[in-house]
Engineer: 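If you scroll down you'll find the structure; I have some questions about it.
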Amino acid sequence: MEFFNELTQTILNGVAIGCIYGMVALGFVLIYKSTEVINFAQGELLMLGAFISYSLITQLHLSYWTALVVTILAMGIVGAILERVVLRSLVGEPTYAIVIVTIGISYFIRSIVSMIPGWGTDTYGFRTPFTDKFLRWGDVVISYEYLSIVVLALVLIAAVFVFFGYSRMGTAMRATSQNQLAAVYMGISVTRVFSLTWTIAAALGGIGGILLAPITFVHMNMGFIGLKAVPAAVLGGFTSPPGAIVGGLIIGITESLAGVYLEEGWKDIAAWIILIAVLIIRPQGLFGIQEKKKV
Amino acid sequence: MRFLMKTDYYQDIRLFKYRSTFFWYLALVLGCVLLPKIIDEYMLSQLTFICIYAVAGVGLMLLTGFTGQISMGHAAFLAIGSYTSAVLTAKGVPFLLALPASGVTAALVGIVIGRPILHLTGLYLAIATMGAAFIIEEILVRWESVTNGNMGMMVDTPTIFGFGFDTEIRFFYLSLVVLILVLLLAKNILRSPTGRAFIAIRDSEIAAEAMGINLASFKTQSFAISAFFTGIAGSLYAHKIFFINPESYTIMQSIELLAIVIIGGLGSLHGAVYGSIFFIFLPQLIIISKDYLPSFVQDQTGLQPALFGLLIILVMLFEPMGIYGRWLKTKFYFEWFPLYKKDSFKREKKYQKAERH
């Protein structure tokens with residue numbers, strides 16, 4: 001019974017972390033689908049979102065929910081600005097150039113955050129409506145913070161799914177990701193699609209940040225969690241939004257289990273072992289579609 | 001403008017295109033040899049780092065610039081080279097053997113890693129190499145009996161036949177000689193059928209395969225050669241900084257190596273050298289320029305990485321072909337003086353078409 005409780009507890013913690021991975025991976029997937037670029041600054045966008053919400057809550061004394069909405073809007077604007085100023089002029093350049101630019105952006109954001117007064121290189125935390133509240137279920141304890149992550153992640157995924165499947169803009173985005181030229185011929189504004197993609201991806205990063213903040217605290221290097229989302233996205237197929245979440249969950253649960261039941265060190269590389277195994281056995285991931293290159 | 005009448009196919013793959021090129025390179029080497037006379041120890045130490053990074057850059061350039069395979073895990077090979085050399089010299093193996101041994105170990109690991117993942121293309125390969133690098137880093141941390149884990153290990157001064165490379169000048173000459181040898185080796189590999197096969201794979205995998213090039217074999221060879229050079233650089237790096245621990249070889253270093261070759265200019269060995277000069281001198285420039293900035297900006301520790309990130313973005317925005325690309329354009333401008341047009345090097349804007357639905 002003890003073993004069973006511990007197992008449930010571990011898996012539940014893994015699910016919460018997995019949802020964060022999934023959300024960051026969702027940002028990767030959105031950008032990859034529309035521009036074929038992996039945005040290595042996604043983790044830094046998450047970090048920026050966490051810092052913004054921290055400032056809103058502790059310095060401006062806004063309520064958690066207002067802060068959430070403001071953070072999402074602010075991050076959306078950041079994403080749009082990034083796209084307009086930096087990435088739009090790189091459309092049509094080789095992928096590696098754009099990837100290096102996103103790495104440059106991640107350096108830049110990280111060091112700018114460290115220079116802003118009141119943010120800097122220290123570690124911060126803030127109170128949320130979920131702090132210190134627990135749901136008990138037998139011997140298994142789930143904190144509301146973890147629960148909030150899972151619930152919000154599910155809501156977001158549903159929203160993204162509906163947006164892509166049923167809205168006009170979502171359809172335009174899917175069309176653009178398949179064939180840009182044909183999309184232009186059909187009257188879709190590809191620049192607007194790109195701009196919106198970056199906006200949504202940055203906003204998702206911001207939400208990830210505000211949700212993760214109570215668990216890992218707000219600090220300059222929390223963006224490195226974004227790297228762990230890469231295996232999640234690959235596992236899910238890199239082009240499938242539901243795949244990103246499933247991938248995130250698998251990585252999160254595996255990591256959590258490895259942390260409890262395996263020796264020290266396995267936890268850090270579990271995600272990467274899965275990644276390499278997936279790439280060797282099934283490179284298209286769980287939900288991806290095998291791409292065939294035509295001559 | 002110079003017109004070269006070709007009478008022989010071998011003229012296309014000569015080591016030096018024109019006879020004058022050879023003399024210019026000779027002058028450059030002589031200049032480098034005389035350089036320690038006029039600069040101070042600190043700058044000399046930076047020049048040594050340029051040589052070391054250039055060796056690693058040449059390795060990555062062969063893979064990324066000439067075979068078209070992106071690796072985001074080359075710091076792992078740097079680490080393997082460093083540790084091999086450190087462990088071997090600590091056991092009493094002469095440096096002259098430890099140096100190639102570190103390259104060979106890195107190449108062997110490269111084959112083991114490369115073989116299963118090299119069927120991947122583009123960013124997927126980059127991600128796979130990144131994952132492999134994380135795993136290797138963790139192995140170095142946990143294999144404490146050999147690597148001493150996170151405590152790190154001290155590295156001896158390299159000695160060849162009793163001659164110790166214990167001063168800045170001596171180590172600079174050692175790195176310079178290794179760099180020149182590596183450049184010559186790389187240039188000769190690229191002239192050989194193997195190297196031409198690499199370039200064919202970069203330009204079109206399908207066309208290369210149709211010409212009878214065994215993709216898996218040549219990609220693995222490219223990966224192994226690349227790892228070999230990077231391992232050599234790792235050995236020099238370890239002996240230069242005296243103390244190594246796994247934290248010196250993180251994903252950041254892999255990314256920096258990749259940035260070196262991309263900023264230097266993919267597809268040229270010059271690019272690897274330019275890129276490493278850019279990378280080593282950029283922090284120096286930032287430190288110098290700090291004196292001219294307002295004091296509240298000066299004191300920021302984040303200033304250097306911020307400018308660094310910003311410069312990477314700017315270089316890519318304005319010169320996606322890198323420093324070597326800019327050099328080519330400048331040269332072209334003067335060679336064809338009145339004929340250079342703004343669009344001479346403009347690339348066709350490509351719309352993306354993914355084969356997925």
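As a basis for the values below, the full set of heavy atoms in this structure was taken, side chains included, without hydrogen atoms, waters or symmetry mates. Computed from a predicted structure; not experimentally measured. Throughout, protein chains are lettered first and strands after them, A, B, ... in sequence-line order, and every chain is numbered starting at 1.
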Engineer: What part of B/A207 gets within 4.5 angstrom of chain A, counting heavy atoms only: side chain, backbone, both, or neither?
Structural biologist: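 Neither part.
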
Engineer: Check whether A/R110 gets within reach of chain B through its side chain, its backbone, both or neither, counting any heavy atom under 4.5 Å.
Structural biologist: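 Contact with chain B is through the side chain of A/R110 alone.
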
Engineer: Measure distances from B/I251 to the heavy atoms of chain A and classify the residue's part below 4.5 Å as side chain, backbone, both or neither.
Structural biologist: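 The side chain, not the backbone.
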
Engineer: Hey, does A/I273 have a side-chain heavy atom less than 4.5 Å from the side chain of A/W266?
Structural biologist: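 Result yes, sub-4.5 Å side-chain heavy-atom pair found.
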
Engineer: Suppose we screen for side-chain hydrogen bond (donor to acceptor under 3.5 Å, both in side chains). Which residues come up paired with B/S71, at least two apart in sequence or across chains?
Structural biologist: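 Applying side-chain hydrogen bond (donor to acceptor under 3.5 Å, both in side chains) to B/S71 gives B/H74.
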
Engineer: Among B/I113, B/L311, B/L266, single out the residue with the greatest number of heavy-atom pairs under 4.5 Å to chain A.
Structural biologist: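 If we count pairs closer than 4.5 Å to chain A, B/L266 comes out on top.
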
Engineer: Using 30° and 60° as the class limits, which term best fits the ring planes of B/F77 and B/F223: parallel, tilted or perpendicular?
Structural biologist: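 Geometry flag for B/F223 against B/F77: perpendicular rings.
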
Engineer: Side chain from CB out, backbone as N, CA, C, O: work out which of these in A/V99 comes under 4.5 Å of a heavy atom of chain B, or both, or neither.
Structural biologist: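 It is the side chain, since no backbone atom gets that close.
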
Engineer: For B/E247 and B/N245, indicate whether the former's side chain and the latter's backbone hold a donor-acceptor pair under 3.5 Å.
Structural biologist: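 It does not hold such a pair.
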
Engineer: Examine distances only and state if a side-chain atom of A/S256 and a backbone atom of A/I253 form a donor-acceptor pair shorter than 3.5 Å.
Structural biologist: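 Checked: no pair found.
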
Engineer: Top residue by heavy-atom pair count (under 4.5 Å) with chain A, among B/L314, B/V315, B/I255?
Structural biologist: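 Heavy-atom pair counts peak at B/I255.
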
Engineer: Could you look at A/I38 and say if it's the side chain, the backbone, both or neither that has a heavy atom under 4.5 Å from chain B?
Structural biologist: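 Looking at A/I38, backbone and side chain both touch chain B.
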
Engineer: Chain B heavy atoms under 4.5 Å from A/L279: which part of the residue, side chain, backbone, both or neither?
Structural biologist: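 Both backbone and side chain of A/L279 come within 4.5 Å of chain B.
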
Engineer: Is a side-chain donor or acceptor of A/S89 paired with a backbone partner of A/V86 at a separation under 3.5 angstrom?
Structural biologist: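 Yes; at least one donor-acceptor contact below 3.5 Å.
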
Engineer: Got B/L60 and B/I260 here, is their nearest side-chain heavy-atom distance under 4.5 Å?
Structural biologist: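 Side chain of B/L60 against side chain of B/I260, heavy atoms only: no contact under 4.5 Å found.
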
Engineer: What are the residues of residues 228-235 of chain A, in order of number, with any heavy atom under 4.5 angstrom from a heavy atom of chain B?
Structural biologist: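 Against chain B, the residues of residues 228-235 of chain A that fall inside the cut-off (heavy atoms, under 4.5 Å) are A/V230, A/V234.
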
Engineer: For chain A, find which of B/L310, B/I312, B/V141 contributes the most heavy-atom pairs closer than 4.5 angstrom.
Structural biologist: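 It is B/L310.
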
Engineer: Given 3.5 Å as the limit, does a donor-acceptor pair link the side chain of A/E44 with the main chain of A/F108, or not?
Structural biologist: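 No, the answer is negative, given that no donor and acceptor are paired below the 3.5 Å cut-off.
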
Engineer: Which bit of B/L125 comes within less than 4.5 Å of chain A, counting heavy atoms only: side chain, backbone, both or neither?
Structural biologist: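 Answer is neither: B/L125 stays 4.5 Å or more from chain A.
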
Engineer: Quick one: what part of B/I135 sits under 4.5 Å from any heavy atom of chain A, side chain, backbone, both or neither?
Structural biologist: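 For B/I135, backbone and side chain are both near chain A.
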
Engineer: Could you list the residues that satisfy side-chain hydrogen bond (donor to acceptor under 3.5 Å, both in side chains) with B/R115, not counting sequence neighbours?
Structural biologist: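 Here no residue qualifies.
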
Engineer: Please check if the side chain of B/T129 supplies one atom and the backbone of B/A126 the other of a donor-acceptor pair under 3.5 Å.
Structural biologist: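 Yes, because the side chain of B/T129 sits within donor-acceptor range (under 3.5 Å) of the backbone of B/A126.
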
Engineer: Are there over 12 heavy-atom neighbours, none belonging to A/Y261, within less than 6.0 Å of that residue's OH?
Structural biologist: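 Result for OH/A/Y261: enclosed.
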
Engineer: Can you tell which part of B/I262 gets under 4.5 Å to a heavy atom of chain A, answering side chain, backbone, both or neither?
Structural biologist: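 Looking at B/I262, just its side chain touches chain A.
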
Engineer: Given a strict heavy-atom distance threshold of 4.5 Å, which part of A/I276 is in contact with chain B: side chain, backbone, both, or neither?
Structural biologist: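 Side chain of A/I276 only, per the 4.5 Å heavy-atom cut-off to chain B.
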
Engineer: Do you know which of B/A133, B/G322, B/A128 has the most heavy-atom pairs with chain A at a distance under 4.5 angstrom?
Structural biologist: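 With the most close heavy-atom pairs to chain A, the winner is B/A128.
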
Engineer: Looking at residues at least two apart in the chain, or sitting in another chain, which of them share a side-chain contact (heavy atoms from CB on, under 4.5 Å) with A/A172?
Structural biologist: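 Counting only residues at least two positions away or on another chain, A/A172 forms a side-chain contact (heavy atoms from CB on, under 4.5 Å) with A/I188, A/V193.
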
